[in-house]
Amino acid sequence: QVQLVESGGGLVQAGGSLRLSCAASGRTFSSYPMGWFRQAPGKEREFVAAIAWSTNNTDYTDSVKGRFIISRDSAKNTVYLEMNSLKPEDTAVYYCAAASDLLRFLRTTGWRSEPKYDYWGQGTQVTVSS
């Protein structure tokens, strides 16, 4: 059974940093894109960042560019999201996602669409106080 388990969330003051981890089990995702999404209270879930099978290929939503860094450790089957200069508007539940069908993933352009991802974690809460 495939599982994605996020950790590292918490309460932090504005300007602070957090590092989220997403550990995958049940299969290896080293050759597949993985991403982070978030859902703020009363809002729809939105794309945050994604990383391809090569760590040189990443994508970020504009609001986190220059502040967040996505990375992966294929040996540990884990993807990370380093979040710096956090703002109150970053408050949300953060979800890890993984693709498992590369042909389907590449059938349409971009990495930001939720249907491209097949597995999802339960989420970890990030709260940024002002």
Side-chain angles (χ1 to χ4, degrees):
Q1 182 180 0
V2 174
Q3 280 192 316
L4 301 179
V5 179
E6 302 98 334
S7 61
L11 173 64
V12 64
Q13 288 188 332
S17 299
L18 283 174
R19 189 193 195 204
L20 305 183
S21 299
C22 172
S25 61
R27 67 171 292 170
T28 299
F29 288 100
S30 59
S31 299
Y32 297 90
M34 297 186 72
W36 288 95
F37 291 74
R38 67 185 179 185
Q39 187 168 22
K43 296 186 177 181
E44 292 187 353
R45 189 159 59 186
E46 65 174 356
F47 169 82
V48 177
I51 188 166
W53 42 94
S54 165
T55 56
N56 291 328
N57 294 316
T58 57
D59 186 28
Y60 299 91
T61 192
D62 286 347
S63 62
V64 308
K65 283 181 181 177
R67 300 189 298 123
F68 291 12
I69 300 173
I70 188 171
S71 62
R72 67 192 303 164
D73 185 333
S74 296
K76 295 182 178 180
N77 217 20
T78 299
V79 66
Y80 305 96
L81 186 68
E82 181 179 343
M83 306 185 295
N84 302 305
S85 302
L86 282 161
K87 305 175 181 180
E89 50 263 43
D90 294 318
T91 294
V93 177
Y94 283 71
Y95 298 90
C96 172
S100 66
D101 186 335
L102 199 54
L103 289 179
R104 179 167 59 83
F105 190 96
L106 295 175
R107 192 169 298 151
T108 56
T109 58
W111 302 350
R112 304 185 178 195
S113 174
E114 291 188 26
K116 284 177 171 284
Y117 298 87
D118 304 292
Y119 299 101
W120 293 81
Q122 293 300 306
T124 184
Q125 177 70 47
V126 171
T127 303
V128 184
S129 62
S130 57

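What you see is a predicted model; the values in this text were computed from it and never measured.
Using the six-membered ring where Trp is involved, Tyr119 and Phe29 have ring planes that are perpendicular, over 60° apart on the 30 and 60° scheme.
Qualifying ring pair (Phe, Tyr, Trp, His ring centres under 6.0 Å) partners for Phe37, counting only residues two or more places apart in sequence or in other chains: Phe47, Tyr117, Trp120.
The distance from the CE atom of Met34 to the OG atom of Ser74 is 9.5 Å, given to the nearest 0.5 Å. The CZ atom of Arg27 lies 13.5 Å from the CD atom of Gln1; values are rounded to the nearest 0.5 Å. Atom OH of residue Tyr94 and atom SG of residue Cys22 lie 15.0 Å apart, to the nearest 0.5 angstrom. The structure places OH of Tyr60 at 12.5 Å from CH2 of Trp36, a figure rounded to the nearest 0.5 Å. To the nearest 0.5 Å, atom CZ of residue Arg72 and atom OG1 of residue Thr58 are 11.5 Å apart. Between atom NZ of residue Lys43 and atom CZ of residue Arg38 there is a gap of 8.5 Å, rounded to the nearest 0.5 Å.
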Query raised in the report: Passes side chain to side chain contact (heavy atoms under 4.5 Å, CB included), Val79 versus Ser71? Steps please.
Result: CA-CA 6 Å; Val79 66; Ser71 62; over 6 Å; no
Query - Working for side chain to side chain contact (heavy atoms under 4.5 Å, CB included), residues Tyr80 and Ile69 - result: CA-CA 8 Å; Tyr80 305 96; Ile69 300 173; over 6 Å; no
Query - Thr127 and Gln125: CA distance, side-chain angles, deciding distance, side-chain hydrogen bond (donor to acceptor under 3.5 Å, both in side chains) verdict - result: CA-CA 6 Å; Thr127 303; Gln125 177 70 47; 3.3 Å; yes
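The nearest pair of heavy atoms linking Gln122 to Tyr95 is O-CE2, 3.4 Å. For the residue pair Ser85 and Ser17, the shortest heavy atom distance occurs at N-OG, 4.3 Å. Residues Tyr32 and Ala99 come closest through the heavy atom pair CB-O, 3.1 Å. In this structure, Thr91 and Pro41 approach most closely via the heavy-atom pair O-CD, 4.3 Å.
Side chain of Thr78 to backbone of Lys76: a donor-acceptor contact under 3.5 angstrom is found. A distance-only check finds a donor-acceptor pair linking the side chain of Lys116 to the backbone of Gly110 [under 3.5 Å]. Checked by atom type and distance alone, the side chain of Glu6 never pairs as donor or acceptor with a backbone atom of Thr124 at under 3.5 Å.
In this structure the side chain of Glu46 never reaches within 4.5 angstrom of the side chain of Gln39, judged on heavy atoms.
Remark: of the listed residues Asp59, Ile70, Leu81, Leu20, Leu81 is the sole one forming a side-chain contact (heavy atoms from CB on, under 4.5 Å) with Val48. Of the residues listed (Thr61, Leu18, Asn84, Leu86), the one engaging Phe68 in a side-chain contact (heavy atoms from CB on, under 4.5 Å) is Leu86, and it is the only one.
The cluster map of Ile, Leu, Val, Met, Phe, Trp and Tyr, joined by side-chain heavy atoms under 4.5 Å apart, puts Val5 and Val2 in different clusters. In the hydrophobic clustering of this structure, Ile51 groups with Val64; members are Ile, Leu, Val, Met, Phe, Trp, Tyr whose side-chain heavy atoms approach within less than 4.5 Å, directly or through other members.
Using a cutoff of 4.0 Å between basic side-chain nitrogens and carboxylate oxygens, Asp90 and Lys87 are not scored as salt-bridged.
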